[in-house]
Amino acid sequence: MPVIEARRLGKIYGDDQDNSTVALNNFNLSVEEKEFVTIVGSSGCGKSTFLLLVAGLEPITSGELLLDGLPVDGPDPNHAIVFQEYFLFPWRTVWENVEFGPEVRGFSRQRTKE
């Protein structure tokens, strides 16, 4: 079973046809355990978008995305992503961004504050 499997994966940013951007369209990929994969492409081709989808930080628009055979439906404490630049959720406050890691690990608000 593939560790990562994308089937006809699609991601569109924007909410209407006139003001939307297709980041991925009908993207397929299968990565087996212990396989080393590099994603190469020009700027704007969807590399970072795909990684955000795998991390569960963006919802998919179409197709399927599986990690260890399970659908990706949000951040998962068993998987992580390391960004090359600072990355914050703009809809969260600074403190809410700090709380994100413990939140997805199931920590209580009290434990997070401590």
Side-chain angles (χ1 to χ4, degrees):
M1 172 184 0
V3 176
I4 301 173
E5 187 167 15
R7 299 179 193 151
R8 301 171 313 281
L9 188 62
K11 176 62 181 177
I12 299 173
Y13 291 102
D15 54 1
D16 63 49
Q17 197 170 18
D18 295 332
N19 197 19
S20 62
T21 301
V22 177
L24 289 173
N25 184 30
N26 200 29
F27 179 75
N28 296 289
L29 177 71
S30 181
V31 180
E32 300 294 330
E33 186 174 352
K34 298 183 181 179
E35 186 175 18
F36 186 86
V37 176
T38 302
I39 301 173
V40 179
S42 60
S43 178
C45 74
K47 302 178 302 289
S48 295
T49 294
F50 176 67
L51 294 175
L52 291 173
L53 296 174
V54 170
L57 300 176
E58 284 285 344
I60 68 171
T61 304
S62 61
E64 290 183 282
L65 180 58
L66 307 172
L67 284 181
D68 298 322
L70 300 173
V72 175
D73 61 0
D76 178 342
N78 295 316
H79 302 97
I81 185 170
V82 177
F83 298 99
Q84 66 185 24
E85 297 176 9
Y86 296 116
F87 189 86
L88 299 174
F89 299 113
W91 60 89
R92 287 180 165 226
T93 65
V94 172
W95 179 247
E96 289 170 337
N97 270 280
V98 171
E99 289 179 315
F100 180 75
E103 180 183 307
V104 297
R105 287 178 172 75
F107 290 13
S108 69
R109 283 193 165 268
Q110 183 60 38
R111 183 172 178 199
T112 299
K113 286 182 181 183
E114 291 171 359

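All residue numbers refer to positions in the sequence shown, counting from 1.
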- Task: Go through the structure and list residues passing side chain to side chain contact (heavy atoms under 4.5 Å, CB included) with E32, not counting sequence neighbours.
- Result: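 Side chain to side chain contact (heavy atoms under 4.5 Å, CB included) check on E32 returns P2, S30, E35.
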- Any residue meeting side chain to side chain contact (heavy atoms under 4.5 Å, CB included) with S43, in chain and number order, not counting sequence neighbours: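 Testing S43 for side chain to side chain contact (heavy atoms under 4.5 Å, CB included), a comparison that skips the adjacent residues, returns none.
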- Side-chain contact test, heavy atoms from C-beta onward, threshold under 4.5 Å: evaluate it for I60 versus L9 and give yes or no.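 Yes - at least one pair of side-chain heavy atoms lies under 4.5 Å apart.
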- Task: Would you mind reporting whether F27 and T49 have side-chain heavy atoms less than 4.5 Å apart?
- Result: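 Answer no - side chains too far apart.
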Do [X] and [Y] share a hydrophobic cluster, counting only Ile, Leu, Val, Met, Phe, Trp and Tyr and linking them when any side-chain heavy atoms are less than 4.5 Å apart?
X   : Y   : value
V31 : I81 : yes
L51 : F89 : yes
W91 : W95 : no
V3  : M1  : no
F50 : V37 : yes

Considering all heavy atoms, the nearest [X]-[Y] contact:
X    : Y   : result
S20  : I12 : CB-CG2, 3.7 Å
H79  : D68 : NE2-OD2, 3.2 Å
T112 : E99 : CG2-CG, 3.8 Å
L57  : P75 : CD2-CG, 4.0 Å
N28  : N26 : ND2-O, 3.4 Å
K47  : I39 : CG-CG2, 3.6 Å

- Task: Check for a donor-acceptor pair, side chain of R105 on one end and backbone N or O of G101 on the other, with a separation under 3.5 Å.
- Result: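 It does hold such a pair.
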- Task: Could you walk me through whether R7 and L66 pass side chain to side chain contact (heavy atoms under 4.5 Å, CB included), step by step?
- Result: CA-CA 9 Å; R7 299 179 193 151; L66 307 172; 3.6 Å; yes
- Query: After noting the C-alpha distance and the side-chain angles of L70 and D76, does the key distance pass the side chain to side chain contact (heavy atoms under 4.5 Å, CB included) rule?
  - Reply: CA-CA 11 Å; L70 300 173; D76 178 342; over 6 Å; no
Rounded to the nearest 0.5 Å, what's the gap from [atom1] on [X] to [atom2] on [Y]? Could you check?
X    : Y    : atom1 : atom2 : value
N25  : R8   : CG    : CZ    : 12.0 Å
T61  : L53  : OG1   : CG    : 7.5 Å
L52  : L24  : CG    : CG    : 10.0 Å
Q110 : E114 : CD    : CD    : 4.5 Å
N97  : L88  : CG    : CG    : 4.5 Å

- cation_pi(K11, Y13) dist<6.0 Å, angle<=45: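 Because its charged atom sits under 6.0 Å from the ring centre and within 45° of the axis, K11 does stack over Y13.
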- Might you work through the side chain to side chain contact (heavy atoms under 4.5 Å, CB included) test for V72 and V54, ending with a clear yes or no? CA-CA 7 Å; V72 175; V54 170; 5.8 Å; no
